[in-house]
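Comments concern the structure below.
Letters A, B, ... are given to chains in the order of the sequence lines, protein chains preceding strands, and every chain is numbered from 1.
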Amino acid sequence: MGAAVGPTRVAELPGREGERVQVAGWLTHRRGHGAIAFLVVRDGSGEVQAVVRRDHAPEAFARAEGLGQESALRVVGPVRAQPRAPGGYEVEVEELEVLSPAADYPIAPKEHGIEFLLDHRHLWLRHRRPAAVMRIRDTVLWAAEAFLRGEGFVRVDAPILMGTAAENTTQLFRTDYFGEPAYLTQSGQLYAEAAAMALGRVYTLGPTFRAERSKTRRHLLEFWMLEPEMAFCDLEGSMALQERLVTYVVERVLERCGEALRTLERDTAPLERVRPPFPRLRYDDAAEWLRAQGLALGPEEDFGAPHETALSQAFDRPLFVHAFPRAVKPFYMEPEPGRPDRVLAADLLAPEGYGEIIGGSQRIADADLLRRRLQEAGLDEAAYDWYLDLRRYGGVVHSGFGLGIERTVAWIAGLDHVREAVPFPRTYNRLRP
RNA sequence: UCCUCGAUAGCUCAAUGGUAGAGCACUCGGCUGUUAACCGAGCGGUUGCAGGUUCGAGUCCUGCUCGAGGAGCCA
């Protein structure tokens, strides 16, 4: 066949000592030292130091001089173990080809402010920290899907363009559908419920949108959500699955992303404690505990950010809060048997102060009750006609939840803001790059 | 939308109401094992915008713009 001989990936250099290899990548850093120059080359799989000596490779040495940061280049030469080199290996350059020179790269090897970095996100992604976060995000998504498929779930994606609001709780981004108003989805849940009645266990995975002028570390205008939905499953069953899903995801990240976690200087001890069962608190008990801590909280009032933070700092593992007052939750949640003022809803709070990463509930199975709730919420029943059909034609006990991808990544990676957990964050006042 | 803070060189930041500076980046020179190398020199400014007070404003006042942190909302 005569397969083309391509460059060797940096990650594959260990074990190739003595071999003459070709490495292609970008110049992340250059250190001149008289007749010897050190080039740090990044190819996406890793970074390696390349050494160029004037007397050993005069042509390569001349080309390396004046080469700007982020120039694309290819070096050829033997690999050897070198304890003085970062990573333990280096390439002794014999040939150097400049594929594409770069000049005046804006991100210098020094500290930068967040505004500058976000303005240059398209370039910032090349750097070690954001690249490590993207690897962790990839592993979180991969592991979550692998787990669900192993449990017999089918991925069924929900539409992003909507004619009506799903929950009617938050502001929606409005767009135009041939003269009709249309909205960007804020949740795939209602569609997941329809699919669960067809396929039993399903999940949706995709972007969701909230047109809120939020400016906090846990909010994005556009974020990714994983929403499993299960027929013949009550809240207990859903919470048990959530424990296993979150544990599986954390285990896979610990197993596969060691280098990335070290780059981010993430203390992995709290992650190693993530194992079922997670502690559980009823809303009423959590509220009582919060008031005992001196935090203000009215009767039947939903938790705010300070409450969530306090709760999630008090436990060293993810914490379920459940049995919320009906008034603070959306219309579609099943009331608790014997406590009609409480609903079968559970939020999962990540520890270390990160707060809510999952919101879930058992859904109302009865058509009449659902219709009443729609009326109470002031929603247009006609718009939910298809949703009511799910109860008219064989409504069954079913539950589901939404897991926020960026919040989960931020927690696992130890980030201080969800905007770093997505390649190109969409926040209030920031639509580019 | 509200509260707080901020905006000075490409970047990170200094500068009693009195001549706008440093480090990094960049350019040039030196150095044969660097690790954000180091040493020397150079380049680099309508101090976010518009007004006002003052002999004099980066600094004080007013308005605006943009950003950051937080609240609300939620994944």
>> Quick test of your reading: applying salt bridge (Lys or Arg N to Asp or Glu O under 4.0 Å), list the pairs with at least one residue in residues 408-419 of chain A, sequence neighbours left out, ordered by first then second residue.
In response: none
>> Dot-bracket, 5' to 3', for RNA chain B please: Watson-Crick or G-U pairs under 3.5 Å, [ ] where pairs cross earlier ones, | where the partner sits on another strand, dots elsewhere.
In response: (((((((..((((....[..)))).(((((.......))))).....(((((..]....))))))))))))....
> Hey, mind stepping through Asp157(A) and Arg155(A) against salt bridge (Lys or Arg N to Asp or Glu O under 4.0 Å) and telling me if it holds?
Replying inline: CA-CA 6 Å; Asp157(A) 292 314; Arg155(A) 175 167 172 166; 3.0 Å; yes
> Do any pairs count as a side-chain hydrogen bond (donor to acceptor under 3.5 Å, both in side chains) and have a residue in residues 311-330 of chain A, sequence neighbours left out, and if so which ones?
Replying inline: Arg273(A)-Asp316(A), Arg326(A)-Glu376(A), Lys329(A)-Asp347(A)
>> Classify Phe38(A) by what it touches in the nucleic acid, base, sugar-phosphate, or nothing, heavy-atom distance under 4.0 Å.
In response: base
> Which whole-number value in Å describes the distance from Phe116(A) CZ to G10(B) P?
Replying inline: 11 Å
>> Using a distance-only criterion (donor-acceptor N/O pair, under 3.5 Å, no hydrogens), is the base of C74(B) paired with the side chain of Arg407(A)?
In response: yes
> Given the side-chain rings of Phe315(A) and Phe278(A), with only the six-membered ring counted for Trp, is the space between their centroids under 6.0 Å?
Replying inline: no
> Quick one: which of U32(B), A75(B), U34(B) gets closest to the side chain of Arg31(A)?
Replying inline: U34(B)
> Sequence neighbours excluded, which residues qualify as side chain to side chain contact (heavy atoms under 4.5 Å, CB included) partners of Leu295(A)?
Replying inline: Leu290(A), Gln293(A), Pro306(A), His307(A), Ala310(A)
>> Rounded to whole Å, please give me the gap between CG in Leu27(A) and P in U34(B).
In response: 19 Å
> How would you list all residue pairs meeting ring-ring contact (aromatic ring centres under 6.0 Å, His included) that involve residues 75-113 of chain A, not counting sequence neighbours?
Replying inline: Tyr105(A)-His127(A), His112(A)-Phe116(A)
Could you list the protein-to-nucleotides 69-72 of chain B atom pairs, N/O on both sides, closer than 3.5 Å?
residue: G69(B); atom: OP1; partner: Arg419(A); partner atom: NH1; Å: 3.0
residue: G69(B); atom: OP1; partner: Arg419(A); partner atom: NH2; Å: 2.4
residue: G69(B); atom: OP2; partner: Arg419(A); partner atom: NH1; Å: 3.2
residue: G70(B); atom: OP1; partner: Arg217(A); partner atom: NE; Å: 2.3
residue: G70(B); atom: OP1; partner: Arg217(A); partner atom: NH2; Å: 2.2
residue: G70(B); atom: OP2; partner: Arg217(A); partner atom: N; Å: 3.3
residue: G70(B); atom: N7; partner: Lys215(A); partner atom: O; Å: 3.0
residue: A71(B); atom: N6; partner: Arg213(A); partner atom: O; Å: 3.3
residue: G72(B); atom: OP2; partner: Ala305(A); partner atom: N; Å: 3.4
residue: G72(B); atom: O6; partner: Ser214(A); partner atom: OG; Å: 3.2

> Rounding to the closest angstrom, what is the interatomic distance between C73(B) and C24(B) at atom P?
Replying inline: 48 Å
> If the P atom of U19(B) is compared with that of C26(B), how far apart are they to the nearest Å?
Replying inline: 32 Å
I'd like a table of donor-acceptor pairs (distance under 3.5 Å, sequence neighbours excluded) in which one partner is a side-chain atom from residues 57-73 of chain A, with atom names and distances.
residue: Glu59(A); atom: OE1; partner: Arg63(A); partner atom: NH2; Å: 3.2
residue: Arg63(A); atom: NH1; partner: Leu96(A); partner atom: O; Å: 2.6
residue: Gln69(A); atom: NE2; partner: Ile107(A); partner atom: O; Å: 3.3
residue: Glu70(A); atom: OE1; partner: Arg42(A); partner atom: NH2; Å: 3.1
residue: Glu70(A); atom: OE1; partner: Arg126(A); partner atom: NH1; Å: 2.8
residue: Glu70(A); atom: OE2; partner: Arg42(A); partner atom: NH1; Å: 2.9
residue: Ser71(A); atom: OG; partner: Gly68(A); partner atom: N; Å: 3.4
residue: Ser71(A); atom: OG; partner: Gly68(A); partner atom: O; Å: 2.7
residue: Ser71(A); atom: OG; partner: Ala102(A); partner atom: N; Å: 2.9

>> Between P on C73(B) and CG on Leu221(A), what's the gap in Å once rounded to a whole number?
In response: 17 Å
> Under the side-chain hydrogen bond (donor to acceptor under 3.5 Å, both in side chains) rule, what pairs show up with a residue in residues 134-143 of chain A, not counting sequence neighbours?
Replying inline: Arg137(A)-Glu406(A)
>> A quick test of your reading: do over 12 heavy atoms of other residues, nucleotides or ligands sit less than 6.0 Å from CZ of Arg20(A)?
In response: yes
>> Measure NE2/His120(A) against P/G67(B) and give the value in whole Å, please.
In response: 15 Å
Distances under 3.5 Å between nitrogen or oxygen atoms of protein and nucleotides 44-47 of chain B:
none

>> With a 6.0 Å cut-off (strictly less than), is the heavy-atom count around CH2 of Trp26(A), excluding the residue itself, greater than 12?
In response: no
>> For the residue pair Arg149(A) and Phe147(A), would you count it as a cation-pi contact if the rule is NZ or CZ under 6.0 angstrom from the ring centre and within 45 degrees of the ring axis?
In response: no
Can you pull every protein N or O that's under 3.5 Å from an N or O on nucleotides 5-7 of chain B?
none

Give every pair of a protein N or O atom and an N or O atom of nucleotides 22-27 of chain B that lie under 3.5 Å apart, one pair per line with the distance.
residue: G23(B); atom: N2; partner: Lys110(A); partner atom: NZ; Å: 2.2

>> Roughly how many Å apart are A71(B) and U12(B), using the C1' atom of each and rounding to a whole number?
In response: 30 Å
> Taking for each residue the nucleotide of RNA chain B with the nearest heavy atom, is it Gln49(A) or Leu118(A) whose nucleotide lies nearer the 5' end?
Replying inline: Gln49(A)
>> Going by salt bridge (Lys or Arg N to Asp or Glu O under 4.0 Å), name the pairs with one or both residues in residues 296-315 of chain A, residues two or more places apart or in two chains.
In response: Arg218(A)-Glu308(A), Glu300(A)-Arg342(A)
